[in-house]
Protein chains: 2
Amino acid sequence: MTKRDQSVREATVADVARAAGVSKAQAARALGGYGAVSEQVLSVVIAAADQLGYRPNQLAKSMTTGRSNSIGVVVGDIENAHFGLALRGISDEVRREGYTVVLVNTDEDLEAEASAVQELLQQRVAGLVVAPCSSNETTHLESAQARGHAVVLFDRGIHALDFDTVRVEFADAALEVGRVLLDAGHRRIGYVSSQRVGGSYERGMDLGLSPVADRVAGIERAFAEAGDRWDPSLVRFNAASDEALAAACAELLDRPEPVTAVVCSDSLIALGVLGQIKRRGLRIPEDISVVAYDDFPWTELVEPPLTVVAQPVYDMGREAARALLRKLGHRVPAERLPLRAHIVERSSVGTPRAQPQPSPVR
Amino acid sequence: MTKRDQSVREATVADVARAAGVSKAQAARALGGYGAVSEQVLSVVIAAADQLGYRPNQLAKSMTTGRSNSIGVVVGDIENAHFGLALRGISDEVRREGYTVVLVNTDEDLEAEASAVQELLQQRVAGLVVAPCSSNETTHLESAQARGHAVVLFDRGIHALDFDTVRVEFADAALEVGRVLLDAGHRRIGYVSSQRVGGSYERGMDLGLSPVADRVAGIERAFAEAGDRWDPSLVRFNAASDEALAAACAELLDRPEPVTAVVCSDSLIALGVLGQIKRRGLRIPEDISVVAYDDFPWTELVEPPLTVVAQPVYDMGREAARALLRKLGHRVPAERLPLRAHIVERSSVGTPRAQPQPSPVR
DNA sequence: TGATGAGGTGAGACCGGTCTCAATCTTGAG
DNA sequence: CTCAAGATTGAGACCGGTCTCACCTCATCA
């Protein structure tokens, strides 16, 4: 109905040229600001253009030049503030060079991701920024890159070689999390993540190039430093839904020897875990200690304020965008933003309440 | 550098046609699934196509048909979970009809909004979903619509006539907020919003067609019901930055007769106000009551759990998308999602501490 | 048996830009 | 004053699809 059809047809270069009494080529040059154009022609064309309300057709432009002015961004969950913030970083950076962002949400679903990539390439975006949902099944990304498309990964890496990947450095912070907890006297430390993993966690298991892998490894390292080992059965994955998360919490909190501390892999998990803890009437940090990844404002406002690992999410987005722009041949400031996570100690970690100590440490 | 150029040129219909030994027109028909094509030709073309790894060029398609498969979404702040959620709703709904989303963030800046609209139209998006940042300065939107483009507004309305607008119904909930507070005995009620308004608030001031207007009106109505009037100096706008928000809180909390309750216009404001309250060592609800708009998970986890106004943000997004799809001539389920806000009473509203009551009520 | 029409096909115009190429027009140097 | 370099210009091809139109082949019907 509300189709413009012929009715309100947009003015084209040809229209402008006709109105200005010059050739299409000259009008295009004047409008596009390329080639040689006399003052004369320039002014008369400009006049005709805004007389007709001419707006360049970006589609046509992209088609002829082969250069597109949009980039594709693929994330698992925009609703998650983590990605919201990263997206903001990407968008801000990329706009500066005149690109717009085509966004696709995949619900962390591999197939959706693959078809998103496909779709974006069909739209001939200039490049792709992707937070891959799997480290292993990545043929869609590899083939995209193989076909010569500019691809940058962020937040998570994949095993395939040769991918530009922008990630936050978690090794130090994760080790620190382990140390803080261990120093406070915790030994039964739970870890909850929404990452999809087949089967249950085992030491040395391949978790892909995800931040989760680094975070788990950090705690394991802290245990090793302390001459101890972390019970792998306390690492719970696949807590993507409310039910799964509740189940994971149940397994950690309702066992004969419940965990004395929980590390939450992201803010969504933290929200869920906090809810579960509250439901059980447990107090933080007297009954249970909590550490969460991602330092969003609300983490400071809960009672008690949460000890968290802050990460430069916005900067990660910007840096990913810059990496893509570089691939696209743009001159982008060389200095890279440092992407290091750091722990922010607040009040959600305490000493575990005295309880029949299990085996370790004498 | 990583330019595909000629090197890995994408296969085109012409290439496929050549490989299949048929005319370009036939190949196009087979590939595009239109017109009459024999089984014979169909199979040989399909074979040639995936032999060559043919991917249709969406750009070219859009150009020739004049139909685009992307829609533009313009919001003030993606980082804000409110818009993140709405965007999710829009995206989910629109995908179903095969559209992708081109997102532009405006930082609630009018000029940015205008140029975003411009840019998106140049990209020839099929339609626009916009959360306008001003109710008055809307020539960019009006002219877009006048030129025959499909435009749907959401979250906020504008004064210009004839715009499809999808908004949550706040009248009842806002009145209820006023009543709850008034019933609890509050008279000095502060309201904090990030909305940009010139000058300070006065009764009957035009706040545009924003949800904020409804929310303020609701409280005013509750006051009227109680035979009282709301002191307009307690309504603070323009709290967009941390500093501005701090200043607004200072004006409300540090006056001789500080407010006994604060209504926060959105979750970002709530975060800030809670921080300010905490900084002053005030207790909720003993020293001050708080009501916040937007029921995000964290509002239930702070101490005490916040009384909030829940609103169907995701559904609002979906409904906005549907409205646009309808304009675009798609058949979309007729039943509209109900978009009504409702109050969720938790524990952040209490009776104001006894203090020299001001003038009202006996 | 010839007219009718549906199904299948290819040639080529078209969408709205960019860009190459050759023609024309200015210059300034010699 | 002559000539070549450089500026300005227009014609038309091109990008990769869609779509119209004319034409061809059969099967069907009278």
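For clarity, every value in this text was computed on a predicted model and none was experimentally measured. Side chains included, hydrogens not; waters and symmetry mates left out as well; all remaining heavy atoms used.
Scored by the salt bridge (charged side-chain N to carboxylate O under 4.0 Å, His left out) test, B:Asp107 finds A:Arg88 as partners (sequence neighbours excluded). In terms of the salt bridge (charged side-chain N to carboxylate O under 4.0 Å, His left out) criterion, residue partners of A:Asp15 (sequence neighbours excluded) are, by chain and number, A:Arg9, A:Arg18. Applying the salt bridge (charged side-chain N to carboxylate O under 4.0 Å, His left out) rule to B:Glu335 yields the partners B:Arg322; only residues at least two apart in sequence or on another chain are considered. Legend: residues meeting ring pair (Phe, Tyr, Trp, His ring centres under 6.0 Å) with B:Tyr99, ordered by chain and number and at least two apart, are B:His330.
Note on A:Tyr34: every side-chain N or O is 4.0 Å or more away from OP1 and OP2 of C:dC19.
Comparing the axis of the opening five pairs of the helix from C:dT1-D:dA30 to C:dG30-D:dC1 with that of the closing five pairs yields an angle of 50°, rounded to 10°.
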Base contacts versus sugar-phosphate-only contacts with protein, heavy atoms under 4.0 Å: please encode nucleotides 6-16 of chain D as B, S and - from 5' to 3'.
--SBBBBB-BB
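Rounded to an integer number of Å, the gap from A:Gln58 CD to C:dG17 C1' is 10 Å. Atom CZ in B:Arg67 sits about 16 Å away from atom P in D:dG17, given to the nearest Å. Taking atom CZ on B:Arg55 and atom C1' on D:dG17, their separation rounds to 17 Å, with Å as the unit. What separates CG of B:Asn69 from P of D:dG17 is a distance of 14 Å, to the nearest Å.
Checked by atom type, the side-chain pair B:Gln123/B:Ser70 shows no donor-acceptor distance below 3.5 Å.
Screening residues 109-148 of chain A for ring pair (Phe, Tyr, Trp, His ring centres under 6.0 Å) gives no qualifying pairs among residues at least two apart or on separate chains. The list of side-chain hydrogen bond (donor to acceptor under 3.5 Å, both in side chains) pairs with a residue in residues 45-56 of chain B, not counting sequence neighbours, reads A:Gln118-B:Arg55. A side-chain hydrogen bond (donor to acceptor under 3.5 Å, both in side chains) check over residues 34-49 of chain B, counting only residues at least two apart or in different chains, returns nothing.
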